A.B. asks: 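Here's a structure for you.
Each chain gets a letter, A, B and so on, in the order the sequences are listed, and its residues count up from 1. Here the structure is a predicted model, which means the values were calculated and not measured.
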Number of protein chains: 2
Amino acid sequence: MNSNEELKNILLDFDLLSKLVVGIGEVSEITGVPTRQIRYWEEKGIIISSKETEGTTRKYDYLNVKKILLIKEQLDDGYTLDAAAKKVEERMKNVNEAFMKLAQRSK
Amino acid sequence: MNSNEELKNILLDFDLLSKLVVGIGEVSEITGVPTRQIRYWEEKGIIISSKETEGTTRKYDYLNVKKILLIKEQLDDGYTLDAAAKKVEERMKNVNEAFMKLAQRSK
DNA sequence: CATCGATTGTAGTTTTGTTACAATATACGT
DNA sequence: ACGTATATTGTAACAAAACTACAATCGATG
């Protein structure tokens, strides 16, 4: 099986991938950021889980988790939370765009 | 930004994607298969969530969800559960392989 | 109609997540 | 040192989601 076929196999369900939303406990395990801290960032408007718009418990998709990881990086680098958030916001533009396009292409 | 760059952007965290494991309720919403039914398939050994190996509550990764979707398809086509499972097992070989390779490549 | 395969229902319990309060810590300017 | 702003953490009381272990149901086939 060649590379294109592999890719297609995944792309076919890229929209499935975008539906994989995990709980806050899982996010904490993946990223190493305590749940309490994640909720705090959310209070500040830096992270927006799917809860804001619907359900009762917070759910995080790939883009959210990615963002949390990036912010953590910046904090470790010595940036303030706001500065980290701003920097990451920029970087996320590219990630978002790429993700969305791939999701779109697979429909 | 060209296609390769987009792809790379995603591939960079393909291992993150593979860590996104969702709860049974979410799987049910995504696939349309009732939680009760998913647990039943698991009893029969057709689906293997992460619970068997670790935690206390079941978690499902992309491959698990994909498998559930495929089994549902086969059932709707009139196959028995065992037959569906067998057929899907074959198809999953390719999906597994592709997924693993992509995850690997991104390290 | 009895049996098998497949699914569904549910009570009672455990795990996970939520809010809303407050406490703590660190840094910075006056 | 003191006050202030930023950032994080703790926790009690409550709500949601998931778990197990029973049992019931339903359709097809011998």
Side-chain angles (χ1 to χ4, degrees), chain A residues 19-65 67-89, chain B residues 19-65 67-89:
Chain A
K19 284 181 192 157
L20 293 185
V21 292
V22 311
I24 196 169
E26 197 57 39
V27 176
S28 180
E29 284 216 355
I30 293 172
T31 62
V33 179
T35 62
R36 191 66 185 76
Q37 197 167 7
I38 296 170
R39 290 201 192 95
Y40 172 69
W41 293 356
E42 198 152 350
E43 271 177 41
K44 303 265 299 183
I46 293 169
I47 299 294
I48 301 177
S49 72
S50 67
K51 180 179 185 206
E52 314 275 333
T53 45
E54 16 168 342
T56 55
T57 64
R58 294 171 175 85
K59 300 286 179 187
Y60 302 84
D61 62 8
Y62 168 84
L63 293 171
N64 271 324
V65 180
K67 192 171 180 183
I68 290 171
L69 278 170
L70 291 176
I71 289 176
K72 191 193 176 188
E73 264 182 33
Q74 298 303 310
L75 291 184
D76 290 345
D77 261 23
Y79 288 94
T80 68
L81 184 55
D82 283 340
K86 203 167 179 182
K87 278 193 74 177
V88 168
E89 207 59 52
Chain B
K19 282 182 195 157
L20 293 186
V21 290
V22 312
I24 195 168
E26 198 57 41
V27 176
S28 179
E29 284 218 354
I30 294 171
T31 63
V33 180
T35 61
R36 192 64 187 77
Q37 195 168 10
I38 296 171
R39 290 200 192 95
Y40 171 70
W41 294 356
E42 199 153 349
E43 271 178 41
K44 303 264 302 182
I46 292 169
I47 299 294
I48 300 178
S49 75
S50 69
K51 183 185 184 208
E52 315 274 338
T53 46
E54 6 172 345
T56 57
T57 64
R58 295 172 175 83
K59 301 286 178 186
Y60 302 84
D61 61 8
Y62 168 85
L63 292 173
N64 270 323
V65 181
K67 191 172 180 181
I68 290 170
L69 279 170
L70 291 177
I71 289 176
K72 192 194 175 183
E73 265 183 33
Q74 297 304 311
L75 290 184
D76 290 346
D77 261 24
Y79 287 94
T80 67
L81 184 53
D82 284 340
K86 203 168 178 181
K87 277 193 76 177
V88 169
E89 206 60 51

A.B. asks: Taking atom CZ of A/R58 and atom CD1 of A/I47, what is their separation to the nearest 0.5 Å?
C.D. replies: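 Atom-to-atom, A/R58:CZ and A/I47:CD1 are 11.5 Å apart.
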A.B. asks: Would you list the protein and nucleotides 18-23 of chain D atom pairs, both N or O, that sit under 3.5 Å from each other?
C.D. replies:
{"unit_1": "D/dA18", "atom_1": "OP1", "unit_2": "B/G25", "atom_2": "N", "d": "3.4"}
{"unit_1": "D/dA18", "atom_1": "OP2", "unit_2": "B/G25", "atom_2": "N", "d": "3.4"}
{"unit_1": "D/dC19", "atom_1": "OP1", "unit_2": "B/R58", "atom_2": "N", "d": "2.6"}
{"unit_1": "D/dC19", "atom_1": "OP1", "unit_2": "B/R58", "atom_2": "NH1", "d": "3.2"}
{"unit_1": "D/dC19", "atom_1": "OP2", "unit_2": "B/R39", "atom_2": "NE", "d": "2.9"}
{"unit_1": "D/dC19", "atom_1": "OP2", "unit_2": "B/R39", "atom_2": "NH2", "d": "2.8"}
{"unit_1": "D/dC19", "atom_1": "O5'", "unit_2": "B/R58", "atom_2": "NH1", "d": "3.4"}
{"unit_1": "D/dC19", "atom_1": "O3'", "unit_2": "B/K51", "atom_2": "NZ", "d": "3.3"}
{"unit_1": "D/dT20", "atom_1": "OP1", "unit_2": "B/K51", "atom_2": "NZ", "d": "2.3"}
{"unit_1": "D/dT20", "atom_1": "OP2", "unit_2": "B/R58", "atom_2": "NH1", "d": "3.0"}
{"unit_1": "D/dT20", "atom_1": "OP2", "unit_2": "B/R58", "atom_2": "NH2", "d": "2.9"}
{"unit_1": "D/dC22", "atom_1": "N4", "unit_2": "B/R36", "atom_2": "NH2", "d": "3.4"}

A.B. asks: Give, for atom CG of B/L63 and atom CG of B/D61, the distance between the pair rounded to the nearest 0.5 Å.
C.D. replies: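 Atom-to-atom, B/L63:CG and B/D61:CG are 5.0 Å apart.
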A.B. asks: Once you round it to whole Å, what is the distance between C1' of D/dT6 and OH of A/Y79?
C.D. replies: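 To the nearest whole Å, that distance equals 18 Å.
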A.B. asks: If only side-chain N and O atoms of A/Q37 are considered, is one of them under 4.0 Å from the OP1 or OP2 phosphate oxygen of D/dT9?
C.D. replies: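 Yes.
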A.B. asks: How long is the straight-line distance from NZ of B/K59 back to CD of B/E26, given to the nearest 0.5 Å?
C.D. replies: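 Reported to 0.5 Å precision, the distance equals 10.5 Å.
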A.B. asks: Using whole Å, what does the distance between atom C1' of nucleotide C/dA27 and atom CG of A/D82 come to?
C.D. replies: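 After rounding, the reported distance stands at 15 Å.
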A.B. asks: Figure out the NZ/C1' separation between B/K44 and C/dT8, and round it to whole Å.
C.D. replies: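 Atom-to-atom, B/K44 to C/dT8, this comes out as 15 Å.
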A.B. asks: Just how far is it from atom OG of B/S49 to atom CD1 of B/I38, taken to the nearest 0.5 Å?
C.D. replies: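 It comes to 10.0 Å.
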A.B. asks: Let me know the distance between CG of B/L81 and P of C/dT8, rounded to the nearest Å.
C.D. replies: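 Atom CG in B/L81 sits about 12 Å away from atom P in C/dT8.
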A.B. asks: Which distance, rounded to the nearest 0.5 Å, do you find between the CD1 of A/I71 and the CG of A/L81?
C.D. replies: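 Those atoms lie 6.5 Å apart.
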A.B. asks: Could you pull out all residues at least two apart from A/E73 that satisfy side chain to side chain contact (heavy atoms under 4.5 Å, CB included)?
C.D. replies: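 Counting only residues at least two positions away or on another chain, A/E73 forms a side chain to side chain contact (heavy atoms under 4.5 Å, CB included) with A/L70, A/R91.
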A.B. asks: I want to check one thing: is the phosphate of D/dT8, taken as OP1 and OP2, less than 4.0 Å away from some side-chain N or O of A/W41?
C.D. replies: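 Yes, within the criterion.
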A.B. asks: Please work out if A/I38 contacts a base, only the sugar-phosphate, or nothing of the nucleic acid, heavy-atom cut-off 4.0 Å.
C.D. replies: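 It contacts nothing in the nucleic acid.
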A.B. asks: Taking atom CZ of A/R39 and atom CD of A/E42, what is their separation to the nearest 0.5 Å?
C.D. replies: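 CD of A/E42 is found 9.0 Å from CZ of A/R39.
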A.B. asks: Taking protein heavy atoms under 4.0 Å as touching, what does nucleotides 25-30 of chain D look like 5' to 3' if B marks base contact, S marks sugar-phosphate-only contact and - marks none?
C.D. replies: ------
